[in-house]
Amino acid sequence: MAERRIIVDGLTLKYKGYFDLEELYKLIDHWIREKAYTKHELEVSEDVYKDGMQVHVEKQPYKKITDYAKYVLDITIDGHHIKDVTLDRNGRKIKLQEGGLKMVITGFLELDYEGRWQEKPMFYFLRAVLDQFVYKVNTERFEAGLVEEVNLLHGMVKGFLNLHRY
Amino acid sequence: MGIKLNILSPDEKLLLKYKGIFDLDEMLEMAQEWYHQRGFHFHEHKFKAQDLQQGGEAYFYWTGFRNDTEFLRVWVHLYFHFWDLEQVDVVKDKKKKTMMRGRMKVQFQGFIEIDYKNKYETSKFMETLREFYWKTIYLKRIQVYGDKIEYELHGFHEKFKQLLSMHNKGDQFQDMW
């Protein structure tokens with residue numbers, strides 16, 4: 001089994017107000033594709049109630065950095081009391097959604113995802129020693145890269161929600 | 001028996017959950033059509049339905065396989081589970097239509113089966129040879145192939161989202177494979 005290290009633990013973004021839900025999903029998917037991550041959508045849930053809609057989306061896109069290290073982003077989006085609204089701005093009718101959103105991003109660095117260094121106890125021990133003393137510089141570089149990407153995604157979504165001040 | 005590799009990790013499931021009004025007939029027709037269009041041998045493994053006082057419950061388990069090469073076979077399993085089902089009449093496109101209201105959960109699973117013809121199971125030596133072949137020589141091709149099947153599964157998932165007009169519809173990866 002691969003070694004998964006939590007590098008960014010639960011970076012949360014909460015928002016309440018007007019937003020374009022479809023555009024938000026497209027933006028995140030577009031970012032995932034642009035940064036060369038593999039699409040890995042796990043769950044999509046939409047419950048329609050009288051007082052609004054509840055949504056839950058779970059994605060886990062991953063990117064293989066080398067044949068030993070992989071970035072895995074766990075993105076969870078929860079929306080509650082979401083209603084479709086139509087706003088009138090400068091004579092134009094804009095269709096949006098109003099409600100609450102919560103997005104949580106967790107970044108993992110997965111090492112030895114192919115399990116090559118786990119077949120024998122000696123390999124496992126060698127890997128632990130190499131990771132600790134020899135490969136540490138590279139691992140730290142990967143961790144920094146992952147933090148940067150998570151912050152980029154977080155900033156982008158924050159910017160998207162803030163830009164659309166209606 | 002061949003070796004079955006899960007496209008997703010063993011603890012991961014590709015799920016779709018929805019609560020509201022949907023066209024059940026159209027959905028099931030679309031799913032079957034997807035299997036046939038892609039050359040899968042379709043089979044309905046399980047069908048359970050019961051009418052309860054608080055709403056109907058139904059469970060379907062569909063499966064399909066496709067022999068892509070002499071060595072690789074693709075399996076796509078689909079699990080439908082419906083709760084609190086009741087018939088409702090809605091007006092869609094100025095026409096009265098009978099649809100269903102309730103909760104649903106659809107789970108998608110994909111597998112790649114290696115050596116489905118069991119050609120390498122005649123002896124221990126052949127089994128070892130097969131193990132060496134797919135774990136070292138053929139591994140990259142299987143990984144790339146698994147990637148392709150995963151995107152096919154996501155495309156299938158997307159079809160359901162389009163049908164249910166979910167806000168998460170719109171595949172940015174539709175031209176990947």
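Any value given below was found using the heavy atoms of this structure, including those in side chains, with hydrogens, waters and symmetry copies removed. Order of the sequence lines sets the chain letters (A, B, ...), proteins ahead of strands, with each chain counted from 1.
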> Once you round to the nearest 0.5 Å, how far does NE2 of A/H56 lie from CG of B/L15?
Replying inline: 9.0 Å
> Between B/D147 and A/T38, is a side chain to side chain contact (heavy atoms under 4.5 Å, CB included) present by the stated rule, with each step listed?
Replying inline: CA-CA 9 Å; B/D147 209 34; A/T38 301; 3.8 Å; yes
> Cluster question for you: counting only ILVMFWY and a side-chain heavy-atom cut-off of under 4.5 Å, with indirect links fine, are B/I21 and B/M27 together?
Replying inline: no
> Is any NZ, NE, NH1 or NH2 atom of the basic residue among A/E43 and B/K17 found under 4.0 Å from an Asp or Glu carboxylate oxygen of the other?
Replying inline: yes
> Under a 4.5 Å side-chain heavy-atom rule over Ile, Leu, Val, Met, Phe, Trp and Tyr, are B/M104 and B/F80 clustered together?
Replying inline: yes
>> With side chain to side chain contact (heavy atoms under 4.5 Å, CB included) as the criterion, how do A/K39 and B/E150 come out once you've worked through the C-alpha distance, each side chain's angles and the decisive distance to 0.1 Å?
In response: CA-CA 9 Å; A/K39 176 180 179 169; B/E150 191 180 343; over 6 Å; no
> Are more than 12 heavy atoms from other residues, nucleotides or ligands located less than 6.0 Å from atom OH of A/Y49?
Replying inline: yes
> Quick one: do B/W134 and A/Y113 end up in the same hydrophobic cluster if we chain Ile, Leu, Val, Met, Phe, Trp and Tyr together by side-chain heavy atoms under 4.5 Å apart?
Replying inline: no
>> We want to know whether A/E22 and B/N168 form a side-chain donor-acceptor pair, criterion being a heavy-atom distance below 3.5 angstrom.
In response: no
>> Please report the interatomic distance CE(B/M166) to CE(A/M53), rounded to the nearest 0.5 Å.
In response: 9.0 Å
> Who pairs with B/T136 by side-chain contact (heavy atoms from CB on, under 4.5 Å), at least two apart in sequence or on another chain?
Replying inline: B/F132
> Among residues 23-31 of chain A, which ones touch chain B with a heavy-atom distance under 4.5 Å?
Replying inline: A/Y25, A/K26, A/D29, A/H30
>> With a sphere of 6.0 Å drawn around CZ of A/R5, does it hold more than 12 non-hydrogen atoms of other residues, nucleotides or ligands?
In response: yes
> Roughly how far, to the nearest 0.5 Å, is CG of A/L42 from CG of B/L14?
Replying inline: 7.5 Å
> For A/E58, is it the side chain, the backbone, both or neither that has a heavy atom under 4.5 Å from a heavy atom of chain B?
Replying inline: neither
> What closest approach, in Å, do B/Y18 and A/V48 show between heavy atoms, and which atom pair accounts for it?
Replying inline: OH-CG2, 4.2 Å
>> Side-chain heavy atoms nearer than 4.5 Å, only ILVMFWY residues, links allowed to pass through others: does that put B/W62 and B/L24 together?
In response: yes
> A/Q54 and B/K19: side chain to side chain contact (heavy atoms under 4.5 Å, CB included), yes or no, with the steps?
Replying inline: CA-CA 9 Å; A/Q54 259 187 10; B/K19 181 180 172 166; over 6 Å; no
>> Taking side chain as everything from C-beta outward and backbone as N, CA, C, O, which of these in B/Q143 sits under 4.5 Å from a heavy atom of chain A? Side chain, backbone, both or neither.
In response: side chain
> Honestly curious: do B/V74 and B/Y61 fall in one hydrophobic cluster under the side-chain, below-4.5 Å linking rule?
Replying inline: no
> Given that the side chain runs from C-beta out, which part of A/V44 has a heavy atom under 4.5 Å from chain B: side chain, backbone, both or neither?
Replying inline: both
>> For residues 154-161 of chain B, give me every residue with a non-hydrogen atom less than 4.5 Å from any non-hydrogen atom of chain A.
In response: B/H154, B/H157, B/K161
> What pair of heavy atoms forms the shortest contact from B/Y151 to A/Y37, and how long is it?
Replying inline: OH-O, 4.4 Å
>> Quick check: under 4.5 Å, non-hydrogen atoms only, which of residues 73-86 of chain A neighbour chain B?
In response: A/D84
